[in-house]
Structures are given as C-alpha cells and as structure tokens.
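Take a look at the structure below.
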Amino acid sequence: MYKTHTCGELRRAHIGQQVELAGWVHRRRDHGGITFVDLRDRFGLVQVVADPATSPQAHQKLEDVRNEWVIQVTGTVRSRPPGSENPHLATGEIEVETSEVRILNPAKTTPFSINKDEEVDENTRLRYRYLDLRREQMSRNILLRHRVVKFIRDFLNDHGFIEVETPILFKTTPEGARDYLVPSRLHPGEFYALPQSPQQLKQLLMVAGVERYFQIARCFRDEDQRGDRQPEFTQLDLEMSFVEREDVMALAEELFTKMVAEVTPHKRLFASPWPRFTYREVMERFGKDNPDLRYGLELKDVRDLVENSGFKVFEAALAQGGDVRALNAKGCADYTRKQIDELTEYARNFGAKGLAYIALPKDQEMRSTFAKFLTPESLEALMTRLEAEPGDLLLFVADRPAVVFETLARLRVLLAERLQLADPDVLAFCWVTDFPFVSWSEEEQRWDPSHHLFTSPMPEDIPLLDVDPGKARGQQYDMVLNNYEVGGGSIRIHDRQLQEKVFALIGLEPDVARERFGHLLEAFEYGTPPHGGIAPGIDRICMILAGEPNIREVIAFPKNQAARDVMGDAPSPVEPKQLEDLHIRVVPPKN
RNA sequence: GGUCCCGUGGUGUAGCGGCCAAACAUGCGGCCCUGUCAAGGCCGAGAUCGCGGGUUCGAAUCCCGUCGGGACCGCCA
C-alpha cells in the first residue's frame with residue numbers, strides 16, 4: 001500500500017504517529033520558506049507542511065509540485081499551532097509534517113479547476129469526465145448513489161429478496177420505446193435487443209419460484225434525451241409473488257422512507273405515510289399524474305360557476321364538452337400586462353388558445369378579461385372557490401380537458417418555480433393509483449395500455465374490457481416524488497387467457513403475440529403464482545436526493561443530448577470487416 | 001422532425017456598430033515572502049470574439065447559413 005491512512009481520517013488521536021499518505025495536490029501555498037500542501041484523496045483533505053529547516057529535501061521536492069499532481073508523503077501527525085486550526089476542515093486540528101515526498105505522477109494544468117465549485121461548460125466537463133468526477137460535488141453525487149444502491153441491496157436482502165441477473169442480449173418487443181438492436185454474427189439478419197426493462201424475465205422468475213426478486217438493472221431505450229432521460233438508465237427492478245397491490249406499495253414505501261432517512265438525513269418527508277391519490281383525483285387537483293405536492297396552487301373546476309356567464313370563450317368550450325378550470329397564482333396580482341402575456345404565450349405551447357384572468361391588486365381596481373360578464377354573485381362564488389384574496393391573480397383555461405389539465409399543470413409548476421414555493425429539503429413522495437387500464441390512441445386508432453402489456457386490470461373491471469375498455473382501471477401504481485414519476489409498478493396478469501385477451505384488446509395479432517411472447521404465455525400454463533412488482537428509477541431518485549437539475553449529474557459517464565459519449569467518442573464508425581462479419585451494410589441517410 | 005436559448009484567452013464572465021488587434025476575475029509562468037488554508041505582493045504570457053458568407057466607410061457587436069452545446073415539443077408501453 002502507498003498509504004497507511006486516508007487523508008480524511010486523521011484526527012487529534014493520531015498525533016505523534018508516523019503516517020504515509022498518497023493522493024492529489026488539491027492546493028499548494030508556498031510562503032517562500034514554509035510550504036503547505038492540501039493533500040486530497042477520496043476520503044478527505046489534510047494539510048501537509050514542509051519546513052525547509054527540518055526537512056529540506058521534502059521542501060525542495062514540493063517546489064515543483066502543482067495542482068493535481070499525485071504524490072506520496074511520509075510524515076508525522078502533529079497538532080497545529082494554537083490559533084491556526086481550520087474549523088472548516090474535518091482534519092483541521094492537525095497537520096502532517098512531512099519528512100519525505102515522492103512524486104508518483106505529475107499532472108498537466110487541468111482544463112478547469114478541480115478545487116473550486118464553479119460553473120464549467122458541460123461539454124468540457126463531459127470530455128474530461130474523469131477530472132470532473134474529482135470535483136467535490138460530483139464525487140459526493142457518486143457516493144450518494146452508491147449509498148442509495150447499497151441501502152437497497154441490504155434492505156431487500158433482509159426482506160428475503162435475491163438479486164438475479166437477466167440477459168442484456170434479449171429479444172425485441174413490440175410496443176413501447178424504440179429498441180437498441182445488436183446484430184447477430186451467427187444468425188445473419190437476426191438481432192438481439194437490449195432490454196427496455198427486464199419485465200418479462202422477472203415475471204418468468206416468478207414462474208420459476210424465486211418469489212422475491214430484485215436487480216439493479218440497466219435499461220435501454222432508443223428515444224430522444226431529456227434532463228431526466230438517458231439512452232441507458234438504471235432501475236431497481238423488483239418483483240414479488242403471492243402479493244396484492246397493497247403489499248408491493250407497502251414494501252416500496254418502507255424501503256424508500258428508511259432509505260432517505262439514512263442517506264439524506266437533512267431532508268424531511270412531506271408526509272408519512274405517503275399520500276395516495278387516484279388518477280382522477282390527482283388530475284383534478286394538479287392536472288398531471290406526477291404532481292409536486294410541496295406547494296398549493298391547486299386547480300379548481302369552475303364549470304358550474306361560468307356556464308351561463310355570457311363569456312363566449314367559456315361557453316364555447318363548455319358547449320363542445322370542454323372544461324373550464326382555474327388556479328390561483330397567489331400574490332401575483334401585480335403582474336404587468338406583459339408578464340401575463342408571457343404566461344399566455346407559455347400556455348399556447350400546450351394547446352391553450354389563451355388565458356383568461358382576474359387580477360386583484362391590493363390597492364387598485366380589479367383587472368380582468370371577463371369579469372364584466374359575471375354577476376356579482378358568480379364573481380363572489382369564483383373568488384370563494386379559488387380562495388382568492390387581495391393580491392392574487394386568478395388564471396383560467398377553457399378548452400378540451402386534456403389541454404386544460406396540461407396547461408394549468410404547467411402554469412402551476414412554472415409559477416411555483418418563480419415564487420420559489422418548493423422547499424428543496426422536502427421530499428414529497430406520493431402514490432397514484434387507479435389509472436385507466438387503457439387509453440384510446442387517436443393516431444393509431446387503437447387502445448394503448450397506460451402502463452404496460454402485462455398489467456392486470458382490476459378484477460371487478462375485467463368484464464368492462466369487452467364492453468367499455470376505457471372505463472376499466474388497471475392494478476397499477478406510480479411512485480411520485482417532487483414533480484417526477486420515480487417508479488411505476490403493477491400487479492401482473494398471471495393467466496394465459498386474460499393475457500391473450502389483453503393482447504387482443506390492444507390490437508396485437510394472435511400470431512404476433514405468440515411469436516413475441518409465446519415463452520411467457522406458455523410459462524403461464526405451468527403453475528404461475530399471482531405476482532406484481534415495481535421499478536423505481538435509480539437515476540431520477542438520486543438526482544432529486546442530490547438536488548441536481550438533471551440525471552447526468554448522478555451518472556458517472558453519461559451521454560449528451562445527442563446520445564453521444566463525448567469522452568469516449570461513441571458511437572463511432574467500425575471497420576468494414578466488422579460489418580461484414582455481422583452481415584450488415586450501412587445505407588447513409590439521404591441528403 | 002420542430003421551437004427557443006447559448007458559443008469572447010485554460011476556466012467563468014464583461015463588452016452588443018467606431019473609444020476593442022478586446023476588459024475583469026481566476027488559472028498559468030517568473031520573482032519576492034517561514035503559519036497559510038480561495039495565502040499575499042510584484043512582473044509577465046495568453047483570445048484575429050465557434051466557423052463561413054453578407055450588410056456597412058467600419059462588425060465580437062447587425063443579417064443569413066453552418067457546426068457545437070443546452071432547454072423544451074413530438075417521442076419516451
């Protein structure tokens with residue numbers, strides 16, 4: 001070993017000990033005579049002192065040393081002179097008086113500073129990710145992620161789960177996201193697909209009698225990137241046999257409640273037990289199925305109060321079966337015309353044709369696009385419903401329900417950001433249940449599963465599949481945290497007939513179903529336990545726990561928005577011979 | 001496929017039609033300095049302003065295109 005101790009562990013108790021340390025030069029302070037070096041390793045920082053009077057060789061060696069050089073020092077731990085302790089450092093009461101310095105590897109000047117927390121262009125960070133990861137914030141994030149995964153493994157192990165690996169090379173599936181394909185050398189024209197999730201395999205493990213399975217599973221989806229989406233990402237994939245919805249939810253809730261208490265003790269839960277909402281309720285109140293509960297600004301249905309208002313916009317929407325809903329932007333009555341126009345412009349992105357409003361400035365006249373159409377009584381009723389007070393701004397959207405919900409949900413999030421309503425130290429977990437089993441896809445003219453193909457409908461709603469599928473509910477549950485869906489799960493179908501019925505409902509031809517899922521259907525005929533599970537997204541959860549704005553910050557080597565690894569420069573062209581082996585010919589895109 | 005934003009020394013920013021072959025901070029190099037911890041002081045090097053074209057007497061600054069990056073829509077069962 002190059003070191004007897006880590007840099008971060010030395011304390012008063014070590015005073016007098018001779019130690020060897022090795023690490024990176026975090027910072028060097030040369031006083032002409034005495035020289036200080038802050039030596040850093042993953043475990044912390046310690047001050048090394050070289051005094052030319054007592055150890056001229058060591059002092060001489062440190063003359064050349066620069067930031068990020070890797071060195072080894074031999075020295076003695078001693079108390080710092082009174083008054084020169086550094087309370088900001090865990091090791092600040094002591095220092096290491098060095099007698100010997102060995103340079104293990106010099107370093108070029110880094111393209112950005114490691115010892116400072118400053119904004120650096122993300123492309124540069126990614127190109128030199130190995131340097132970026134040295135920085136405190138990133139090393140903290142990577143450590144946090146380790147602790148999250150470690151907690152999960154320990155917890156599930158203690159609860160009788162076993163971790164089973166499933167193949168990365170598997171089979172393409174219809175539905176869902178675009179697959180990453182891997183050409184087969186041995187089978188010309190055939191392809192493996194990387195798993196979008198180990199869904200079928202974990203169900204087969206239930207058939208296999210594993211009963212309690214989990215995996216920290218890498219998943220692959222070839223879709224466009226977002227701040228919370230990468231081409232490859234990590235799920236905690238877990239599945240249990242002989243359980244009902246309640247059992248899986250209880251387990252996941254206990255797991256994550258205990259985990260955040262241990263991993264992020266400075267954060268508090270918004271509520272425990274976690275609030276639960278039906279899909280219907282969460283949409284009515286927040287306009288989206290992954291709400292942020294940390295603030296109010298809830299949506300209110302005002303259809304009954306405006307139906308005969310004489311205001312064309314509202315009446316037209318209602319006449320076409322549309323919706324009129326509103327939210328109260330607390331304290332925003334002083335928004336200027338321009339600011340409201342900006343909100344309106346924002347609303348148009350989501351299909352709204354406009355925004356109606358009532359502004360209630362504290363010491364001025366009410367301003368409104370439509371209040372003049374209302375009787376004093378209905379105006380009063382609106383105010384009451386929206387809990388309006390002087391100083392508030394009431395925003396109304398009238399349109400198709402989907403547009404109304406989405407627009408108001410977006411405005412709610414936008415306004416909360418502007419007003420800084422969300423406490424960053426609060427974790428608002430909640431559950432959303434009772435999703436529609438399927439929804440009608442206009443483009444494809446067929447029913448689409450809300451969750452996935454293997455979700456079981458509510459037992460009492462199975463008859464509805466034949467008569468009114470849109471009314472059936474699925475045994476699905478989503479885990480939501482601070483504006484993000486961080487996990488989804490369901491009780492699965494374990495019966496061949498029901499599974500085939502669902503395939504048929506979503507328009508999967510029987511022969512296609514058999515070709516793609518024959519193994520699963522067949523397995524269901526050999527004694528399959530009722531089972532269900534959940535798949536929380538590790539990246540998103542770590543992102544939120546770390547307080548980061550995107551998941552790249554909690555992934556050691558992420559890809560950029562164009563799905564490119566800018567450090568390794570992947571993807572990249574390959575040798576013609578490789579293509580030949582794979583029976584692949586590249587057809588360049590037109591243009 | 002689409003919309004929007006960004007691109008100035010190594011890094012982060014300022015400059016937004018002439019005062020700019022470009023300013024500040026930090027980093028980098030040299031010298032001085034024995035108790036600092038974002039050490040300090042002095043000196044110095046370093047960008048033809050992503051690239052190409054255009055407008056103009058004059059472009060870092062305006063316009064068009066292009067490349068790179070980011071946010072979002074579509075997409076993501």
Side-chain angles (χ1 to χ4, degrees), chain A residues 26-39 45-54 59 66-68 78 80-89 91-92 95 97 108-128 131-132 135 173-179 196-197 199-200 219-231 233 345-346 348-351 406 410 413-414 435 437-439 441 443-444 446-455 474 476 485 488 490 502-503 506-508 535 537 549-550 552 560-562 564 566 589:
Chain A
H26 191 65
R27 198 173 271 122
R28 178 171 157 275
R29 291 178 294 282
D30 181 353
H31 286 239
I34 196 163
T35 297
F36 300 97
V37 163
D38 290 339
L39 191 66
L45 208 63
V46 70
Q47 174 165 284
V48 169
V49 196
D51 189 333
T54 54
H59 181 264
R66 292 294 180 270
N67 284 351
E68 299 308 310
R78 71 180 186 195
R80 290 197 185 194
S84 67
E85 301 87 355
N86 184 346
H88 304 296
L89 269 187
T91 59
E95 61 191 9
E97 184 192 22
K108 296 206 288 188
T109 302
T110 52
F112 46 83
S113 32
I114 310 300
N115 58 23
K116 245 186 301 180
D117 182 26
E118 63 181 8
E119 281 289 306
V120 180
D121 172 61
E122 195 179 1
N123 202 30
T124 310
R125 291 176 55 203
L126 290 178
R127 176 167 281 125
Y128 299 96
L131 297 179
D132 191 32
R135 307 204 307 164
T173 52
E175 294 293 304
R178 198 174 293 112
D179 284 319
Q196 295 184 26
S197 88
Q199 181 61 35
Q200 297 172 53
C219 306
F220 305 86
R221 294 178 192 176
D222 187 4
E223 296 292 350
D224 287 350
Q225 310 307 294
R226 287 293 185 278
D228 61 351
R229 273 165 29 193
Q230 282 271 303
F233 61 98
E345 202 47 49
Y346 184 69
R348 285 190 219 280
N349 293 330
F350 311 106
E406 163 141 38
R410 298 281 192 159
V413 171
L414 179 76
F435 284 81
F437 183 61
V438 288
S439 57
S441 164
E443 313 86 88
E444 311 202 37
R446 63 173 175 80
W447 294 101
D448 256 347
S450 300
H451 186 41
H452 59 50
L453 295 166
F454 314 107
T455 297
Q476 178 194 346
E485 184 204 319
S490 63
V502 170
F503 284 162
I506 62 148
L508 210 57
N550 68 65
R552 296 186 297 276
N560 71 6
Q561 194 163 54
R564 195 167 266 291
V566 295

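Chain letters run A, B, ... following the sequence lines, proteins first and then strands; every chain starts at 1.
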Atom pair distance, as rounded to whole Å: CD in A/Glu345 and P in B/C72
19 Å

Are any of the side-chain nitrogens in A/Arg125 or A/Glu122 under 4.0 Å away from the carboxylate oxygens of its partner?
no

A/Arg410: what forms a salt bridge (charged side-chain N to carboxylate O under 4.0 Å, His left out) with it, not counting sequence neighbours?
A/Glu406

Which residues satisfy the side chain to side chain contact (heavy atoms under 4.5 Å, CB included) test with A/Ser197, sequence neighbours excluded?
A/Gln199, A/Cys219, A/Arg221, A/Gln235

NA contact type, A/Arg410, heavy-atom cut-off 4.0 Å: base, sugar-phosphate, or nothing?
sugar-phosphate

Is there a donor on the side chain of A/Asp224 or the base of B/G74 sitting less than 3.5 Å from an acceptor on the other?
yes

Quick one: label A/Glu118 by what it contacts on the DNA or RNA (base, sugar-phosphate, nothing), any heavy atom closer than 4.0 Å.
sugar-phosphate

Identify each atom pair where a protein N or O and an N or O of nucleotides 4-8 of chain B are less than 3.5 Å apart, giving names and distance.
none

B/G29 C1' sits how many Å from A/Lys108 NZ, rounded?
17 Å

A/Arg28 CZ - B/C28 P separation (whole Å)
10 Å

Qualifying residues under salt bridge (charged side-chain N to carboxylate O under 4.0 Å, His left out), relative to A/Arg28, sequence neighbours excluded:
A/Asp30

Run the side-chain hydrogen bond (donor to acceptor under 3.5 Å, both in side chains) test against A/Ser441 and tell me which residues pass, sequence neighbours left out.
none

A/Arg221 vs A/Glu406, nearer the 5' end of RNA chain B by closest nucleotide
A/Glu406

Set of salt bridge (charged side-chain N to carboxylate O under 4.0 Å, His left out) partners for A/Arg78, sequence neighbours left out
A/Glu95, A/Glu97

Under a 3.5 Å limit on both distances, the Watson-Crick or wobble mate of B/C57 is B/G18

Return the set of residues passing salt bridge (charged side-chain N to carboxylate O under 4.0 Å, His left out) with A/Arg564 (not counting sequence neighbours), or none when no residue passes.
A/Asp569

Note: A/Arg446-A/Asp448 ion pair, threshold 4.0 Å (strictly below)
yes

Footprint string (nucleotides 30-37 of chain B, 5' to 3'): B base within contact, S backbone only, - free, heavy atoms under 4.0 Å
S--BBBBB

Send over the distance from A/Arg226 CZ to B/C75 P, rounded to a whole Å.
10 Å

Under 4.0 Å, heavy atoms only, any strand: does A/Ser197 hit a base, just the sugar-phosphate, or nothing?
base

When the nearest nucleotide of RNA chain B is assigned to A/Thr109 and to A/Glu119 on a heavy-atom basis, which residue is associated with the more 5' position?
A/Glu119

Calculate the interatomic distance between A/Arg178 atom CZ and B/G1 atom P; express it in whole Å.
11 Å

For a quick check of understanding: with a heavy-atom distance under 4.0 Å over all strands, which category does A/Arg348 fall into, base, sugar-phosphate or nothing?
nothing

Which part of the nucleic acid, if any, lies within reach of A/Thr173 when heavy atoms closer than 4.0 Å are counted: base, sugar-phosphate only, or nothing?
nothing

Of the nucleotides B/A38, B/G70, B/U11, which has the atom closest to the A/Lys116 side chain?
B/A38

Would you please name every residue forming a side-chain hydrogen bond (donor to acceptor under 3.5 Å, both in side chains) with A/Thr109, sequence neighbours left out?
none

The nucleotide from B/C75, B/G70, B/G12 with an atom nearest the side chain of A/Gln561 is B/G70

